[in-house]
Protein chains: 2
Amino acid sequence: MSSNREIHLASRPQGWPTADNFRLVDTEVPSPGPGQIVVRNQFMSVDPYMRGRMNDVKSYVPPFALDVPLDGGAVGEVVAGEADGIRVGDTVLHGLGWREYALLDGRSARRVDPDVAPVSAYLSVLGMTGLTAYAGLLDVAAMQPGETVFVSGAAGAVGSMVGQIAKLRGAGRVVGSAGSPAKVERLTALGFDAAFDYHDGPVRDALKAAAPDGIDVYFDNVGGEHLEAAIGAMNLHGRAAICGMIAQYNSAEPPAAPRNLALVIGKRLTLRGFLVGDHGDLRDQFVTEVGGWLREGRLSYDETIVDGIENAPDAFLGLLRGENLGKMLVRL
Amino acid sequence: MSSNREIHLASRPQGWPTADNFRLVDTEVPSPGPGQIVVRNQFMSVDPYMRGRMNDVKSYVPPFALDVPLDGGAVGEVVAGEADGIRVGDTVLHGLGWREYALLDGRSARRVDPDVAPVSAYLSVLGMTGLTAYAGLLDVAAMQPGETVFVSGAAGAVGSMVGQIAKLRGAGRVVGSAGSPAKVERLTALGFDAAFDYHDGPVRDALKAAAPDGIDVYFDNVGGEHLEAAIGAMNLHGRAAICGMIAQYNSAEPPAAPRNLALVIGKRLTLRGFLVGDHGDLRDQFVTEVGGWLREGRLSYDETIVDGIENAPDAFLGLLRGENLGKMLVRL
């Protein structure tokens, strides 16, 4: 029997995680029982939200447990078992990443077509990442044609989709912030009207230069100074879709909060947090529309791929440091 | 010709306003031109939002100018002129308070019926104050029957309406905070299920005791610590209608901001600022529903009345210090 390797959470990080918080464990390839399948994972996703699950606090999803495999989005090929119309040889999307072989109920897997798109795309542009961008921009923030959109963390998996979808849906102007000159350059290539490196000075000043007439929609992946700057730049009736606040995930101290929050009253702003899981009703529309743009070559997506399960913790740590362009994935 | 007295803004307050920022000025009773009326004001409103207009900053309404009368809601009797169906002897509601006699276009006044309710009610329960509560609670926060509602500044003009309207519309539990034992007692008499004095300890702790199952709607009149506590206590999909942040209107330093703002993501919260002026479409429904509750004796309202235009600055300062129960008005 082949060996199976998986990553456990060895200890809970305080502040920034380190390699010591993870453990690579050798185990056996599982055997399927009735209604179960075994999937050889080809790609697994590492995502910012996983940092929150490493804390032992009550949240919208239970925290990761210690000394068992972590989990998260993964895609792979069924190598054993048969259930719910899924057979050996099928490619499926499921939630048991961080391991080379996954044992799961057939009902917990969704078959995807590797001929329509590379299998990794089902974890990025055609997966939760893409739907997060789509639902946050169009449903939560209700972007209208002609509006000015600002997205932070814009070179990341979600942010780069937000900017492109905004343009394709008729935004008047799209501005992105990112953390390096190379990322800023990439945003321009992706069709952003303006982009800036937030290390270059106060976000407020850069945003004012990039969107002199203010912004109507803010898609927040970062929080902190970015959110404060966005509130300051908002036009009347502006909307913020709050997707993430990566700036503070590793902060041991109470994070910076927007000191200008009272502006929401006079400007009649709406700040709304969301999770993609609430927007499954948009999935069909999303797949049709975004899939169409992909086929027509009107939408690009970046992936940063790290090889080997043993490097999954490093991929995750790199993600938190912003080392990825687009979606950070581990190829197993 | 009788004399007319009015209050000017003599200087812009830095932090807390003082009597020195105001000036009582003797002038003459104006004479109406074509299309104009002269109103002898009987009551004028002092409101927290006026503090913002004393600063020389761009906002949703222009700042008050120096050395001319302040303005704001007022109600009185037409003593001269005739315009747009308004005649001498009519009682009208208009926007030129802070003076004993007001000269205005007939189109800027709205006739009200002194037989339906005391004229002061058109500045409080049946006026902008009542509509603010009604629109914020039912439209902006979209309160549903059975939900738990928390309102800060609950013994104020808006807050006391919010709590009562919530109960009358079927809220499961209504909690209010206020700034004195007497106010807390009054809230209980008004039908609030629980009330606390925010001086007694951390708002977070008091709110947890008063709403152990969390809150679904927060109506914010205060900001600062109250808003942070409300975000912490919110249930999934909770909504905050942000009406005011009186805690920070006189702050010379950047105000405290909610350090737990990231909770909006996992809990899918919506924070929405609003101004009553955007909700005029609800006026007819509001007058019908709230007027009905008033006639049936199911809704009470408090007024704190100060006499004499010369005391209007004191009334305003007292309002900022929370010395009012219900609506603070000046009788002229």
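Chain identifiers are assigned alphabetically (A, B, ...) following the order of the sequence lines, protein sequences preceding nucleic acid strands; residue numbering begins at 1 within each chain. Because the structure is a prediction, the values reported are computed rather than measured.
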Contact summary for [X] and [Y], nearest pair of heavy atoms:
X      : Y      : result
B:I265 : A:G244 : CD1-CA, 3.5 Å
B:A257 : A:A257 : CB-CB, 3.2 Å
B:H237 : A:D278 : CE1-OD2, 3.3 Å

To the nearest 0.5 Å, how far apart are [atom1] in [X] and [atom2] in [Y]?
X      : Y      : atom1 : atom2 : value
A:I242 : B:L271 : CD1   : CG    : 8.0 Å
A:L263 : B:M245 : CG    : CE    : 9.0 Å
A:H279 : B:R268 : NE2   : CZ    : 8.5 Å

Counting only heavy atoms not in B:D281 (residues, nucleotides, ligands), do more than 12 fall under 6.0 Å from its CG? yes
Please classify the contact of [X] with chain A as side chain, backbone, both or neither, using a heavy-atom distance under 4.5 Å.
X      : value
B:L227 : side chain
B:E228 : neither
B:L269 : backbone

I need the residue from B:G223, B:C243, B:G277 with the largest number of non-hydrogen atom pairs under 4.5 Å to chain A. B:C243
